[in-house]
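Heads up, the thing below is written out as structure tokens.
Naming: A, B, ... by sequence-line order, numbering from 1 per chain. FYI, side chains are in, hydrogens and waters are out, and symmetry mates aren't considered; it's all heavy atoms of this structure.
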2 protein chains.
Amino acid sequence: MEVTLSRKEQIEKTATALFRKRGFSATSMRDLANELGIEAASIYSHIRSKEEILQRVCFRMANEFFEAIDKVDDPEATASARLQAAITAHVQVLTKNTEASAVFLYEWRHLSEPYHAEFLTLRDRYEKHFREIIKAGISIGEFKVPDEKFAVLTILSGLNWIHTWYKPDGKMNAEEIAANLATMLLNGLKQT
Amino acid sequence: MEVTLSRKEQIEKTATALFRKRGFSATSMRDLANELGIEAASIYSHIRSKEEILQRVCFRMANEFFEAIDKVDDPEATASARLQAAITAHVQVLTKNTEASAVFLYEWRHLSEPYHAEFLTLRDRYEKHFREIIKAGISIGEFKVPDEKFAVLTILSGLNWIHTWYKPDGKMNAEEIAANLATMLLNGLKQT
DNA sequence: TAAACAACCTAACGTTCGTTAGCAAATTTT
DNA sequence: AAAATTTGCTAACGAACGTTAGGTTGTTTA
């Protein structure tokens, strides 16, 4: 399945790798151009600004995460099953796009307004999905945690470290990682 | 307990806040000077370079984390007790220095060599402490996890998110946070 | 009281930055 | 074959960057 990327997509992909490795601010347009084998000014035939690249990566990934958890959610299922599904979906997006995920997770603060504010709104809505599952689990006694906000942040941060070490050819594949993490984090919610 | 900071310490503290908020690369010496109410050039009466500030913060925090877990470790205790103690110590350092912790966790990649390499060595040695506790717990059947490296990274990343939301006057104090996190993460290791 | 030091200043250095203007060649579309 | 689009170039802009040189002032030490 060879996919031919448009020049704009190539730029975005190369930029993503650099933003991840050195950070948005420490990556210059000349660095990016050098990596692409062209001049810095040439990039502006395809994009409007350096920040536009960051915007596209951040909001594309936000979309991916939303679509993934929406697709697998079944409001009729138990809280455990719903949370397990959401965790698995989240891990799948993370492992399928490690570089873009890293940018999504750590470089969004370099977005200017109104994108910065919009991003934070989206992120909170995403976390809300997890909060509501956990709240439902608490109310019927399935989970025992002092605070659902606290639990969600711990779970998500436990997941969001994956991009730093995940390698597609490592000893665990994405499904195994997702399963192990889900078991481990779900068990943590069922305190005795 | 009023503590008078030397000018150098004031610079370091102010820089830490800026590095945390905007990142190391996006913080200029003129920003820092402006925050201090002086000219950028004046800062160089007290420090050698911008990176020196980052180095001091990163390695000071590395020391704090090491001292904290060394002080509470009892190799004779059970793996659960040891891990609980380490988690509590780690959380205490994090909550007592949220800004410096954020810099320590996310800005170290802007260190130049040989500091960059030295930092990674220290970090790995720190994680090794946790790995060994968990390995001990696995070998006597106290913990059931597929991979201790995996478990350590999940635990530490679950803890290292604290700095983003912890407020000293929030509804949970540092001890409660540490206790809740320890319970939640320890339970996750004792899979049935 | 003289010497040493701490703290800050103005001015400027050489470099790098994101970006624009204007143009040329190749490719695709009509 | 003409027109439009894509992709790239050189040259340069104004601004911002980390840092140095050299000097001034006030405070502390000998």
Rounded interatomic separation in angstrom, taking [atom1] from [X] and [atom2] from [N]:
{"X": "A:Ile11", "N": "D:dT6", "atom1": "CD1", "atom2": "P", "answer": "13 Å"}
{"X": "B:Gln10", "N": "C:dA7", "atom1": "CD", "atom2": "C1'", "answer": "11 Å"}
{"X": "A:Glu9", "N": "D:dT7", "atom1": "CD", "atom2": "P", "answer": "11 Å"}
{"X": "B:Leu5", "N": "C:dA7", "atom1": "CG", "atom2": "P", "answer": "12 Å"}
{"X": "A:Ile43", "N": "C:dG18", "atom1": "CD1", "atom2": "P", "answer": "9 Å"}
{"X": "A:Arg22", "N": "C:dC17", "atom1": "CZ", "atom2": "P", "answer": "10 Å"}

Sugar-phosphate only, base, or nothing, as touched by A:Thr27 at under 4.0 Å among non-hydrogen atoms: sugar-phosphate
ILVMFWY cluster, B:Val91 and B:Tyr106 together (side-chain gap under 4.5 Å): yes
Cluster overlap B:Val93 with B:Val72, hydrophobic side-chain contacts below 4.5 Å: no
Parallel, tilted or perpendicular: ring planes of B:Phe24 versus B:Phe19, cut at 30 and 60 degrees: perpendicular
B:Trp165 and A:Phe150 aromatic ring geometry - parallel, tilted or perpendicular at 30°/60° bounds: perpendicular
Ionic contact status for B:Lys96 with B:Glu64, cut-off 4.0 Å: no
From A:Arg48, A:Lys50, A:Arg56, residue fulfilling salt bridge (Lys or Arg N to Asp or Glu O under 4.0 Å) relative to A:Glu52: A:Arg48
Check: B:Gln55 side chain, B:Tyr115 main-chain N or O, donor-acceptor pair, under 3.5 Å: no
Those residues of residues 28-38 of chain A lying under 4.0 Å from DNA chain D by at least one heavy atom: A:Arg30, A:Ile38
Residues touching DNA chain D, which here means a heavy atom under 4.0 Å, drawn from residues 44-57 of chain B: B:Tyr44, B:Ser49, B:Lys50
Inter-residue atom distance B:Lys128.NZ - B:Phe130.CZ, 0.5 Å rounding: 14.5 Å
